[in-house]
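Structure first, commentary second.
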Amino acid sequence: QVQLEESGGGLVQPGGSLRLSCAASGSIFSINAMGWYRQAPGKQREMVAFITWGGSTNVPDSVKDRFTVFRDVAKNTAFLQMNDLKPDDTAVYFCNAAVVGGPIPYKYFEVWGQGTLVTVSS
């Protein structure tokens, strides 16, 4: 019983910025990592950022000059800062979390958010 709530999507002009948030709530013992993925119409879901709760990050070369991932451990929240957005960045952005939690005895599992739409258009 862990939920992820994403926010921050919307319509932005090319060259603009957005910050997405992903807040985890529920029966959480610990968070191992969170990842951001996106899926554009007709395309496969791809990872755009990953962060361990220890702070290690992985951002693909395709977006590393524009996207930054960070987290607020106290708030169980991960963020994706996206700058210099391009029309090709238009997609539904999903958050994924690897957590230990649920009813006791705790278990390791992954949970997905519902997605937030980012549209880059003039």
Side-chain angles (χ1 to χ4, degrees):
Q1 293 78 4
V2 174
Q3 299 83 36
L4 299 181
E5 182 175 355
E6 297 144 339
S7 60
L11 174 64
V12 63
Q13 292 186 341
S17 298
L18 283 176
R19 178 176 293 182
L20 306 183
S21 300
C22 176
S25 63
S27 181
I28 299 171
F29 176 74
S30 64
I31 297 176
N32 289 4
M34 281 194 182
W36 287 97
Y37 297 75
R38 68 184 180 187
Q39 188 164 20
K43 295 187 177 180
Q44 289 189 331
R45 189 172 296 189
E46 61 174 343
M47 190 270 285
V48 294
F50 180 86
I51 185 166
T52 70
W53 236 230
S56 297
T57 62
N58 181 22
V59 180
D61 289 343
S62 58
V63 297
K64 68 183 303 181
D65 292 336
R66 301 184 294 118
F67 289 10
T68 303
V69 60
F70 55 100
R71 85 276 187 256
D72 184 328
V73 172
K75 295 183 178 180
N76 287 341
T77 300
F79 303 89
L80 180 66
Q81 177 68 41
M82 304 185 293
N83 299 326
D84 189 22
L85 284 161
K86 307 177 186 303
D88 284 349
D89 295 318
T90 295
V92 178
Y93 285 71
F94 297 89
C95 176
N96 170 275
V99 304
V100 175
I104 293 174
Y106 292 135
K107 295 180 181 178
Y108 171 89
F109 58 95
E110 294 191 12
V111 61
W112 288 89
Q114 79 286 354
T116 185
L117 177 62
V118 171
T119 303
V120 185
S121 176
S122 55

Practice problem: State plainly whether one hydrophobic cluster holds both Leu117 and Tyr37, where clusters connect Ile, Leu, Val, Met, Phe, Trp and Tyr through side-chain heavy atoms under 4.5 angstrom apart. | Solution: yes
Exercise. Could you tell me how the ring of Trp112 sits relative to the ring of Phe94: parallel (under 30°), tilted (30 to 60°) or perpendicular (over 60°)?
Key: perpendicular
Quiz item: What is the minimum heavy-atom distance between Ala49 and Pro60, and which atoms define it?
Solution: N-CD, 4.2 Å
Quiz item: Should Ser27 and Pro103 count as side-chain neighbours, where that means a heavy-atom distance under 4.5 Å?
Solution: no
Practice problem: Check for a donor-acceptor pair, side chain of Thr90 on one end and backbone N or O of Thr119 on the other, with a separation under 3.5 Å. | Solution: no
Quiz prompt | Nearest atoms (heavy-atom pairs only) where Arg38 meets Ala91 | solution = CB-CB, 3.9 Å
Quiz item: At their closest point, which heavy atom of Met34 faces which heavy atom of Ala24, and how far apart are they?
Solution: CE-CB, 3.7 Å
Practice problem: Establish whether Ile28 and Phe109 are linked, either directly or via other cluster members, by ILVMFWY side-chain heavy-atom contacts under 4.5 Å. | Solution: yes
Exercise. Measure the spacing between CZ of Arg66 and OG of Ser17 and express it to the nearest 0.5 Å.
Key: 10.0 Å
Quiz item: Between Asp89 and Lys86, is there a side-chain N and carboxylate O pair less than 4.0 Å apart?
Solution: no
Self-check item: Point-to-point distance, once rounded to the nearest 0.5 Å, from CG of Asp65 to CG of Asp84
Solution: 9.5 Å
Practice problem: For the residue pair Val99 and Asn76, establish whether any side-chain heavy-atom pair is separated by less than 4.5 Å. | Solution: no
Exercise. Would you name the heavy atoms of Pro14 and Ser122 that are closest together and state the gap between them?
Key: CD-N, 3.7 Å
Quiz item: Are any of the side-chain heavy atoms of Val69 and Phe50 separated by less than 4.5 Å?
Solution: no
Practice problem: State yes or no: do Val59 and Leu80 share one hydrophobic cluster built from I, L, V, M, F, W and Y residues joined by side-chain heavy-atom distances below 4.5 Å, directly or via other members? | Solution: yes
Quiz item: Counting only heavy atoms not in Phe29, do more than 12 sit closer than 6.0 Å to its CZ atom?
Solution: no
Exercise. Say whether Ile51 and Phe79 are linked into one hydrophobic cluster, either directly or through other cluster members, by side-chain heavy-atom distances under 4.5 angstrom.
Key: no
Quiz prompt | Point-to-point distance, once rounded to the nearest 0.5 Å, from CG of Leu20 to CZ of Phe67 | solution = 8.5 Å
Exercise. State plainly whether one hydrophobic cluster holds both Leu4 and Val100, where clusters connect Ile, Leu, Val, Met, Phe, Trp and Tyr through side-chain heavy atoms under 4.5 angstrom apart.
Key: no
Quiz item: For Cys95, does its backbone N or O pair with a side-chain atom of Glu6 as donor and acceptor, under 3.5 Å?
Solution: yes
Quiz prompt | Atom pair CD (Glu5) and OG (Ser21), whose distance is rounded to the nearest 0.5 Å | solution = 9.5 Å
Quiz item: Which distance, rounded to the nearest 0.5 Å, do you find between the OG1 of Thr52 and the CG of Asn58?
Solution: 10.5 Å
Quiz prompt | Point-to-point distance, once rounded to the nearest 0.5 Å, from CD of Gln81 to CG of Leu18 | solution = 8.5 Å
Quiz item: What are the two closest non-hydrogen atoms of Lys75 and Thr77, and how far apart are they?
Solution: O-OG1, 2.8 Å
